Amino acid sequence: MTETPPRVLTIAGSDSGGGAGIQADLRTLFACGVHGCVALTAVTVQNSLGVTGVAEIPAETVAAQIISVAEDIGVQAAKTGMLASAAIIEAITPALDRVGIGSGKTPFVVDPVSASMHGNQLLADNALDALRGLLFPRATLVTPNLDEVRLITGIEVKDRADQRVAAEALHSLGPRWVLVKGGHMWDDPECLDLLYDGREFIELSGPRYEIEHTHGSGDTLASSISSALARGASVPEAVKFGKDFIVKSVAAAYPLGAGVGPVSPLWRLDR
């Protein structure tokens, strides 16, 4: 009988176009050799051109999914994506505590999806407050892009010095580690992601590709990091694994529909 692989729970929304959200998470987790479990938060009407509709899952149902999966199947790591509302964040917090996700127990990656690819705010202000006050203190790692940094901290990151200031501000909200992604720092010739634990800054540099198909890049990075944490890697080891994984996934991105195509973890299946 085959040994059961590590399990990762993703708490996120569905992308009907398959490029981001739960679909990107599960695709990435599969490529990384772990079993993906799901707590669905919302169903989006979405294609390569954008989102035209959202239907939230009832908050108590989202929380029940977490408890059902974790208490039977067990998970070695968990991550969030689109959480949709303050009600959902408030409902899942006691569920996470009940099953030991976050707060120094089962590794918990918070990808604070709160800005569209154009930088527009996706979460209401009260949901941002809940994200900061409830989930950040429970997080092993938070992974905001620069638009999300701006919404969460008010800091506009324009260069590497700003990136360090933002990392310190985010760490003060309670997570054990912060990863400030530098993909939107367009004037920098490299994509520099900055990892910080309150004491040490670790710079992870990668190439900046001239490519428009980047849908699902944040989901793919957070999921690949979560897969490494589920296997027992330290946070720096897991983030380095994720950085290498997303660099290769961006290089393998493909067009889809009439808009923005997805980054692709399928490169790993060719190895």
Side-chain angles (χ1 to χ4, degrees), residues 10-15 20-22 25 39-44 46 50-51 53-60 62-63 66 78-97 101-103 108-158 162-185 193-194 196 198 216-219 221-222 225-226:
T10 172
I11 309 163
S14 170
D15 174 357
I22 287 282
D25 291 337
L40 188 66
T41 61
V43 175
T44 67
Q46 185 173 174
V51 179
V54 178
E56 287 184 29
I57 303 299
E60 62 274 14
V62 181
I66 294 170
K79 69 166 289 289
T80 69
M82 177 187 177
L83 295 175
S85 68
I88 288 176
I89 297 170
E90 290 163 359
I92 69 171
T93 300
L96 295 169
D97 291 345
I101 292 173
S103 299
F108 182 40
V109 177
V110 175
D111 183 15
V113 177
S114 51
S116 72
M117 70 176 66
H118 304 295
N120 299 319
Q121 184 170 333
L122 295 177
L123 287 182
D125 288 342
N126 65 339
L128 286 171
D129 288 340
L131 195 65
R132 283 185 288 255
L134 295 175
L135 293 192
F136 273 40
R138 289 170 167 79
T140 306
L141 172 71
V142 297
T143 63
N145 64 33
L146 299 188
D147 290 317
E148 290 156 354
V149 168
R150 172 176 49 80
L151 291 173
I152 293 164
T153 69
I155 296 171
E156 191 86 42
V157 176
K158 297 180 180 178
D162 293 339
Q163 201 175 15
R164 292 195 170 214
V165 172
E168 291 171 339
L170 288 160
H171 190 266
S172 72
L173 296 174
R176 290 172 55 206
W177 293 81
V178 172
L179 182 68
V180 181
K181 298 180 291 190
H184 294 175
M185 207 152 53
D193 296 339
L194 186 66
Y196 180 61
S217 56
D219 309 281
L221 175 61
I225 291 171
S226 299

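All values reported here derive from a predicted model rather than from experimental measurement.
Listed here is the closest heavy atom pair of L40 and G13: CD1-C, 4.0 Å. The two residues S14 and Q46 come nearest to each other via the heavy atoms O-NE2, 4.3 Å. Residues D162 and K158 come closest through the heavy atom pair OD2-N, 2.9 Å. Across all their heavy atoms, L135 and V110 have their closest contact at O-CG2, 4.2 Å. Considering every non-hydrogen atom in both P137 and L173, the closest pair reads CG-O, 3.6 Å. Listed here is the closest heavy atom pair of G81 and V113: C-CG2, 3.7 Å.
Side-chain atoms of D193 come within 3.5 Å of backbone atoms of G182 as a donor-acceptor pair (strictly under, hydrogens ignored). At distances below 3.5 Å, at least one donor-acceptor pair connects side-chain atoms of T41 with backbone N or O atoms of A12.
No side-chain heavy atom of D15 sits under 4.5 Å from any side-chain heavy atom of M82. At a threshold of 4.5 Å between non-hydrogen side-chain atoms, the residues P175 and L170 do not count as touching. Residues L123 and L151 form no side-chain contact, since every pair of their non-hydrogen atoms from C-beta on lies 4.5 Å or further apart.
By the ring-ring contact (aromatic ring centres under 6.0 Å, His included) test, Y196 pairs with H171, F201, sequence neighbours left out.
Paired with K79 under the rule side chain to side chain donor-acceptor pair (under 3.5 Å), one option of D25, T140, D219, T143 passes, and it is D25. When L141, L194, V142 are each tested for a side-chain contact (heavy atoms from CB on, under 4.5 Å) with V178, only one passes: V142.
Rounding to the nearest 0.5 angstrom, the gap separating the CD1 atom in I22 from the OG1 atom in T10 is 4.0 Å. Remark: S114 OG to I152 CD1 distance equals 4.5 Å, nearest 0.5 Å. Atoms CD1 and CD1, on I66 and I101 in that order, are 6.5 Å from each other to the nearest 0.5 Å.
Annotation: side-chain hydrogen bond (donor to acceptor under 3.5 Å, both in side chains) contacts involving residues 83-93, sequence neighbours excluded, comprise E56-S85.
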